[in-house]
Amino acid sequence: MKNLIFIFFVGLFPAQQSWNLQQCLDYAAANHPLVKQATVNIKKNDHQIAASKGMLLPSIEAGVDHSYSFGSSINQSSNQREVLNTQYDQLKAQANIELFNWRNYVNISLSKLNKETSSYKLKRAQNEVKLNVIQTFFIYQNSKSWLDVLETQISGIEEQIKRTEKEVEIGSRSKSDIYDIKANLGTLQEQWVSAKNQRDLAKINLLNALAIPQDSIDFVTTHEEALAEDDFNQSDFTERLLENNPAYQTVLAEIKAQEKTVDLAGSAYLPTLNGSYSWSTFYNKSLNNNASTASFSDQFSQNKNQSVFFGLNIPIFNKFQVKNNVEVAKLNVINSTYDKELIVNNLTQSINSIKAQYINAQEKYTLLEANFENQKLSFQKSEEKYKEGLMDAYTFFVVRNNWLQANYNLINSKNDVIQQTELLKVLKTGL
């Protein structure tokens, strides 16, 4: 069984695929368990709508009874009580219908509103999954970039140690240069172990955000265009993102559904009109040897009976149950309006935070680009000085690491810009 499961997952995720962010988002929006659950709930709502409409239809049932009676009973022929042993067979059919019950019509409307709410909840689930994937995706990319920087630093310092040792042998460098460089190698190796652990944990979190059990995917970044800053300057920027957000649309739909439950509870105040139709016939046979019995076909025809019934039920007093149900439903509406206020506050904060982080990330990226170029020039000049013997090994090591750190900061800043852009895209589209 375990082998079959392994083969199944291998078939789903071939060895080491490469996914970019968009592929991750597409996969999560279609395959995450939260999304699948929301999809199932929509299908359940379809059945609930059909069930609500079905309450407008009559219910029909038919039955056959077969019984024996021994001892004193009523003779069906003479209508007198006698000591009889009889066989009794009955064939019956009945149809019942609620000709008027306002609750049924309200239930249909409520079921449709519940389906609308479930549709928004599906979009909300997709949004939440996407936002989580975006954040974990770039956490992983940043941790991977930092590990690459440390590996480059360690590789460079090991080469520098070898080169310096040769220079010490020929007398062009002092032996203290080797000690200065080796003193930093252990620190870098310790940082590398921590960075490797952070990268591995970040990937586990990303796989979990995608609901993928197997580590068989390499996540890569691609060039992404930034969102135009002009969008931020529009007066209705936050309002538009808020109105398009599925979480906001969900709470509006829930308020409508709660308002409809007030009508549903109040429908118990109204009268109901019911109707029914029944048809039956029977066959009665005496088991006494000296008794004469009409044939089955004759009795079937003679004993036929039909009835039509109409009933009007008017509620007068119900122990205040309906009144309390209506009041509770009204309080639920009030609670839903408070939920709306909470959603508006949280979404406004999220949208404005992402907007502020995006603007700051772009400004930071611009500054880091300039710093990166300066660090690069500094490294090139320092490398020339080091080769000419005008700079000691430790100072050159510091300059080189500063340049690598500037490179990582630039990558990290660019990822931050792209991350905020992708978060805004999800909020903008509203799916």
Side-chain angles (χ1 to χ4, degrees), residues 43-115 260-261 263-326 329:
K43 294 179 180 179
K44 286 169 60 178
N45 288 129
D46 287 332
H47 290 291
Q48 289 171 353
I49 292 174
S52 299
K53 291 180 178 179
M55 292 300 295
L56 301 178
L57 302 176
S59 61
I60 302 174
E61 58 183 17
V64 177
D65 296 332
H66 179 77
S67 64
Y68 294 98
S69 176
F70 303 98
S72 177
S73 62
I74 302 297
N75 189 325
Q76 299 292 331
S77 301
S78 62
N79 201 28
Q80 299 292 321
R81 179 169 292 279
E82 302 177 12
V83 177
L84 295 172
N85 298 328
T86 59
Q87 172 189 328
Y88 183 78
D89 299 290
Q90 184 182 32
L91 181 65
K92 57 186 178 181
Q94 183 171 346
N96 300 303
I97 186 171
E98 288 185 316
L99 297 173
F100 176 79
N101 188 341
W102 185 243
R103 182 182 184 87
N104 294 335
Y105 297 97
V106 177
N107 257 329
I108 294 174
S109 300
L110 180 59
S111 298
K112 291 179 179 179
L113 288 174
N114 287 336
K115 181 182 178 181
K260 188 59 65 174
T261 60
D263 297 336
L264 185 66
S267 66
Y269 282 126
L270 302 176
T272 59
L273 179 62
N274 302 305
S276 68
Y277 167 80
S278 64
W279 176 92
S280 66
T281 186
F282 67 90
Y283 169 73
N284 190 63
K285 175 183 177 181
S286 176
L287 299 179
N288 296 339
N289 293 331
N290 58 350
S292 61
T293 303
S295 66
F296 178 84
S297 59
D298 289 340
Q299 288 197 41
F300 187 87
S301 176
Q302 295 170 4
N303 297 331
K304 286 190 295 185
N305 174 267
Q306 300 182 67
S307 66
V308 178
F309 167 81
F310 294 97
L312 180 65
N313 296 320
I314 302 174
I316 297 177
F317 179 71
N318 45 50
K319 303 178 183 180
F320 300 112
Q321 298 303 302
V322 176
K323 180 178 183 299
N324 286 314
N325 289 340
V326 171

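Every value quoted in this text rests on a predicted model; they were computed, and no experiment measured them. Computation of the quantities below employed the complete heavy-atom set of this structure, encompassing side-chain atoms and omitting hydrogens, waters and symmetry-equivalent molecules.
- Using modelled atom types, one side-chain atom of Asn303 and one backbone atom of Phe282 make a donor-acceptor pair closer than 3.5 Å.
- Checking Asn114 against Gln48 by side-chain atom types alone, no donor-acceptor pair falls below 3.5 Å.
- Contact of the Asn96 side chain with the Phe309 side chain is not registered, since no non-hydrogen atoms from C-beta on lie closer than 4.5 Å.
- In plain terms, the two heavy atoms of Pro271 and Ile314 that are nearest each other are CB-CG1, 4.0 Å.
- In this structure, Thr261 and Leu110 have side chains that are in contact, with non-hydrogen atoms separated by less than 4.5 Å.
- The structure places CD1 of Ile60 at 12.0 Å from OG of Ser276, a figure rounded to the nearest 0.5 Å.
- For the atom pair OG1 (Thr86) and CZ (Phe70), the distance works out to 8.0 Å, reported to the nearest 0.5 Å.
- Separation of atoms CZ (Phe100) and CG (Asn313) is listed at 12.5 Å; rounding is to 0.5 Å.
- Scanning both residues, Val322 and Ala268, for their nearest heavy atoms gives CG2-CB, 3.4 Å.
- Scanning both residues, Asn274 and Glu98, for their nearest heavy atoms gives OD1-CG, 3.3 Å.
- What you find for Ser267 and Trp102 is that their closest heavy atoms are CB-CD1, 3.9 Å.
- No donor-acceptor pair closer than 3.5 Å links the side chain of Thr281 to the backbone N or O of Leu91.
- Heavy atoms only, all atoms of each residue included: Ser111 and Ser52 are closest at OG-OG, 2.8 Å.
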Legend entry - Check against side chain to side chain contact (heavy atoms under 4.5 Å, CB included), Lys92 and Asp65: CA-CA 8 Å; Lys92 57 186 178 181; Asp65 296 332; 3.3 Å; yes
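- Remark: Thr272 OG1 to Asn101 CG distance equals 5.5 Å, nearest 0.5 Å.
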Inset, instruction - Go through the steps to decide whether His66 and Tyr68 satisfy the test side chain to side chain contact (heavy atoms under 4.5 Å, CB included), and finish with yes or no. - result: CA-CA 7 Å; His66 179 77; Tyr68 294 98; 3.1 Å; yes
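- One finds the NZ atom of Lys304 at 7.0 Å from the CH2 atom of Trp279 (value rounded to the nearest 0.5 Å).
- Under the 3.5 Å distance criterion, the side-chain polar atoms of Gln299 are matched with a main-chain donor or acceptor of Asn284.
- Rounding to the nearest 0.5 Å gives a distance of 13.0 Å between CZ of Arg103 and CD1 of Ile108.
- Two residues are said to be in side-chain contact when any heavy atoms from C-beta on lie closer than 4.5 Å; Leu264 and Asn107 meet this criterion.
- A perpendicular orientation is assigned to the rings of Phe317 and Phe320, their planes being inclined by more than 60° (bins at 30° and 60°).
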